[in-house]
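Order of the sequence lines fixes the chain letters, A, B, ..., with proteins taken first and strands second; residue numbering starts at 1 for each chain.
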Protein chains: 2
Amino acid sequence: MSIAATADTSPVELDTIVAAAVAAAPALRRSSGALRAGWLRAIADALDSQKEPLVALGEEETFIPAARLRGEVARTTGQLRMFAGVAEEASYLEATLDSPRPENVPPVPDLRRLLAPLGPVAVYSASNFPFAFSVAGGDTASALAVGCPVIVKAHPGHPRLSAAVAALVADALETAGAPAGAFALVAGFEAGAALVAHPGIRAAAFTGSLRGGRALLDLAAARPDPIPFYGEFGSLNPVLVTPGADAARAGDLAQGLADSFQLGLGQLCTKPGLVFVPAGGAFERELASLVAGAPGRLLTDAIADGFRASVGALDEHPGVRRVAGATAQPSDGAAPVVYATDVATLIADDDLLEERFGPTTLLVAYDELADAVAAAERLGGSLTATLHAEAAELDPALVDRLGALAGRVLFAGWPTGVAVTWGQTHGGPWPATNSLFTSVGATAVRRFLRPVTYQSAPQEALPAELRDGNPLGIPRRVDGRPE
Amino acid sequence: MSIAATADTSPVELDTIVAAAVAAAPALRRSSGALRAGWLRAIADALDSQKEPLVALGEEETFIPAARLRGEVARTTGQLRMFAGVAEEASYLEATLDSPRPENVPPVPDLRRLLAPLGPVAVYSASNFPFAFSVAGGDTASALAVGCPVIVKAHPGHPRLSAAVAALVADALETAGAPAGAFALVAGFEAGAALVAHPGIRAAAFTGSLRGGRALLDLAAARPDPIPFYGEFGSLNPVLVTPGADAARAGDLAQGLADSFQLGLGQLCTKPGLVFVPAGGAFERELASLVAGAPGRLLTDAIADGFRASVGALDEHPGVRRVAGATAQPSDGAAPVVYATDVATLIADDDLLEERFGPTTLLVAYDELADAVAAAERLGGSLTATLHAEAAELDPALVDRLGALAGRVLFAGWPTGVAVTWGQTHGGPWPATNSLFTSVGATAVRRFLRPVTYQSAPQEALPAELRDGNPLGIPRRVDGRPE
């Protein structure tokens with residue numbers, strides 16, 4: 001298999017790599033779910049076997065502590081094995097059979113439908129999860145699971161780890177018998193832009209900044225043949241603490257926020273970035289003593305520069321106060337710090353509504369809960385929205401409004417930590433994502449599929465999943481009902 | 001409800017109409033499937049009750065014969081009632097519950113997911129199905145079914161029919177108790193462009209030409225917050241007649257093609273536009289006597305002009321022969337005519353690969369079946385691909401290649417006639433559509449939905465569909481398996 005090293009991929013190399021993916025696509029399309037499950041498990045086993053050297057490389061390149069990276073490898077291999085199960089279980093195919101009804105006007109022929117893979121997928125990996133949202137992460141796993149070749153654009157924040165994981169993935173796939181061209185890695189800004197515009201690419205998935213993601217999205221949309229582009233761009237993840245919750249458990253809530261916004265030094269897409277608290281309540285006071293402000297290194301110099309700039313702007317903002325954490329930022333990293341403002345200031349200044357990637361969060365004092373909700377609705381979409389309320393305060397209309405703002409609505413706990421399950425949604429309205437799908441969890445595969453219906457097909461022409469008698473025993477809908 | 005008449009909608013009127021849809025969105029989002037099913041059936045009943053005056057209006061504006069329009073009204077009301085059933089059945093919600101697993105690393109909280117409506121949807125109606133793909137057609141029905149307000153852009157080919165149907169839909173919805181703002185009609189080129197760019201619109205569906213559709217798609221993609229745009233743009237619908245099928249039943253096949261390409265005077269998006277036949281076979285000879293060439297009026301003057309221009313280009317093309325039907329076109333309409341060429345000529349001239357909307361089709365003689373398949377792969381995507389083959393000629397690789405070209409692959413019959421069922425796919429790769437979904441059949445609703453997950457929610461905060469004990473008795477997945 002063709003694996004680029006850490007050097008930038010040239011246009012000629014890119015053409016060769018995409019051509020190999022295009023050539024591999026029919027074999028992947030015809031492969032069985034059981035076969036692809038074996039490929040994914042082989043990748044997971046390979047990652048597990050090389051965990052320690054990979055973690056060491058990741059620590060060196062990203063400054064993420066080894067313990068967290070070990071957890072991330074486990075998350076990544078768990079994710080690969082979950083998608084193996086999704087491929088085998090096969091409900092994702094949405095196999096649907098309609099019996100002929102010649103008496104209808106117009107007559108209904110024999111129709112049998114399944115979801116088929118789109119073809120080669122470009123995956124743009126993220127800086128902040130060098131395993132789980134990177135070379136062998138969820139996008140790669142979900143695309144391979146349903147039979148799409150994958151070409152990963154390496155994140156420049158961890159080039160050697162990307163190359164190492166890619167080599168391991170390619171070897172595992174080759175040993176497991178996957179077609180050459182099923183997987184490759186490319187590197188470099190220009191190769192990344194050329195990839196999404198390449199005629200051989202049929203879809204793209206991206207996790208990163210709004211600026212970079214929007215540029216790629218625009219390239220995808222401007223193609224002679226536009227392709228789906230699934231972007232995750234950033235999120236403020238508002239939290240709403242009601243007066244009742246503040247009165248009943250401000251201390252516990254403040255501890256929860258302190259843990260959540262500092263996790264991964266605040267470099268998680270689900271970091272709670274805006275926390276609405278009742279004016280004059282206990283929350284701010286409780287939080288003050290819980291943020292030590294110990295500094296650390298951020299993922300890249302660019303992220304550290306961006307963090308210091310956004311914190312600096314808050315320091316100088318006349319309507320914003322520092323209320324906890326570091327009084328000054330180190331020159332080579334970041335120190336956790338919490339700011340506070342009020343609803344009126346927030347909604348008067350769009351700059352306060354931008355994501356601040358790193359260990360900071362902004363408390364927003366409100367007089368009336370309704371003002372806080374209205375302010376949250378001005379933020380645009382988020383991956384998550386969190387409501388900490390007492391039972392008597394739960395208003396169906398409020399819950400409905402929060403559901404319109406985010407892909408996940410929490411009623412306890414904090415948004416960091418995204419379980420990889422069937423029911424997860426990691427997505428949300430613009431600018432959190434531009435997608436109607438989740439990028440985490442079992443249904444992430446739907447991004448890389450399109451329906452195909454076979455009409456009046458002889459048995460031998462049908463995919464096995466659609467034949468009479470359900471020879472593969474998969475979940476199917478027949479004449480509108482589960483088989 | 002606000003219903004524009006046939007006059008162009010002004011910018012101020014458009015703002016008012018979209019604001020009403022935005023205001024209605026929360027009530028629609030919270031409405032039950034059973035309630036919305038009632039709305040759709042009320043619309044269907046109203047259409048049935050006014051069938052004859054509507055058909056008369058349609059005949060006057062579109063020149064489509066009354067008999068076909070009556071059938072189309074029945075298709076449209078059947079479609080509305082099918083989507084009512086989809087809303088009630090509720091499997092479209094993909095309701096999914098994950099039990100908490102605190103022992104996992106990281107722990108899995110209680111997660112409950114469903115698909116929620118996007119909000120106001122713009123529907124651009126088509127010229128060629130003034131009922132089924134127009135004001136009360138499949139896009140409108142599928143969006144309303146899942147709780148999205150709808151604003152239809154009327155097609156200028158049938159303005160009075162559009163206004164009449166819109167008034168009837170609005171009355172039916174109001175009487176059935178739907179929120180004001182759930183439905184409206186707008187008219188005019190500029191209002192159509194402004195609609196897809198309007199901040200209140202969350203998705204758009206379009207059926208029409210590639211040129212007009214691409215312009216709207218580009219507007220949707222260039223928004224500050226890009227929205228999903230589901231376009232159906234045109235399709236060549238290749239047919240492949242194998243040597244065995246030609247030898248066994250050329251007469252029957254030729255009759256089938258003659259009926260199919262002339263249906264609706266060739267103004268159907270599934271018209272077979274390119275038919276690959278073995279060189280020296282019987283097909284062309286059989287077809288010659290089956291195309292009488294009787295003229296008729298096309299939908300609009302623009303379509304008639306376009307048809308005469310494309311037929312004229314074939315008449316003058318040195319590599320194309322007229323083999324059946326009219327020798328000349330009438331000045332005020334169109335007469336069915338069949339042309340023939342060969343694979344080498346086809347692939348040398350991109351102009352021959354463009355859709356010719358109207359009563360014509362192009363036979364393409366091939367020497368080797370493989371050449372015909374390779375030529376079909378140069379067409380780009382189609383809504384349908386049809387294979388007429390004898391059993392011994394069915395090659396899995398060939399079937400797979402046809403599946404990559406289209407959303408529906410037929411092994412008998414002809415692509416015109418699209419049954420409205422669970423297993424239908426009316427979609428296909430670019431330029432047929434830009435969509436991963438069908439626009440006909442039960443799963444068309446997925447275009448207007450996005451996932452929302454509730455984490456650790458108290459029972460009273462959950463939608464009824466996700467509560468313990470499944471109080472609504474809907475299909476759900478619990479811990480990865482059907483409940």
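Between the side chain of Trp430(B) and the backbone N or O of Pro224(A) there is at least one donor-acceptor pair closer than 3.5 Å. Of the possible polar contacts, one joining the Thr453(A) side chain to the Thr425(B) backbone as a donor-acceptor pair under 3.5 Å is found.
Contacts with chain B (heavy atom to heavy atom, under 4.5 Å) involve these residues of residues 457-466 of chain A, listed by number: Ala457(A), Pro458(A), Glu460(A), Ala461(A). Of all residues in residues 438-446 of chain A, those placing a non-hydrogen atom less than 4.5 angstrom from a non-hydrogen atom of chain B are Thr438(A), Thr443(A), Arg446(A).
The side-chain heavy atoms of Val452(B) and Arg408(A), taken from C-beta on, include no pair separated by under 4.5 Å. Side-chain contact between Arg214(A) and Pro226(B): present, with at least one pair of heavy atoms (C-beta onward) separated by less than 4.5 Å.
Applying the salt bridge (charged side-chain N to carboxylate O under 4.0 Å, His left out) criterion to Arg223(A), with sequence neighbours excluded, gives Asp225(A). Not a single salt bridge (charged side-chain N to carboxylate O under 4.0 Å, His left out) links Glu393(A) to another residue, sequence neighbours left out.
In this structure, chain B has a heavy atom under 4.5 Å from the side chain of Leu217(A), while its backbone stays farther away. Only the backbone of Ala406(A) comes within contact range of chain B, with at least one heavy atom under 4.5 Å from a heavy atom of that chain. Pro228(A) touches chain B through its side chain: at least one heavy atom from C-beta onward sits under 4.5 Å away, while N, CA, C and O do not. Using a 4.5 Å cut-off between heavy atoms, Ala95(A) makes no contact with chain B at all. Heavy atoms closer than 4.5 Å to chain B are found in both the backbone and the side chain of Leu410(A). With a threshold of 4.5 angstrom between heavy atoms, Leu118(A) approaches chain B through side-chain atoms but not through N, CA, C or O.
When all heavy atoms are compared, the tightest approach of Ser91(A) to Arg477(B) is OG-NH2, 2.6 Å.
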**OP:** Any chance you could lay out the side-chain contact (heavy atoms from CB on, under 4.5 Å) test for Thr421(B) and Arg101(A), step after step, and finish with the verdict?
**Re:** CA-CA 11 Å; Thr421(B) 67; Arg101(A) 277 171 283 154; 3.7 Å; yes
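Rounding to the nearest 0.5 Å places CZ of Arg29(A) at 9.5 Å from CZ of Arg401(B).
With a 6.0 Å cutoff to the six-membered ring centre and a 45° limit on the axis angle, Arg113(B) does not count as a cation-pi contact of Trp422(A).
Among the candidates Asp400(B), Leu402(B), Val418(B), Val108(B), the residue making the largest number of heavy-atom pairs closer than 4.5 Å to chain A is Asp400(B).
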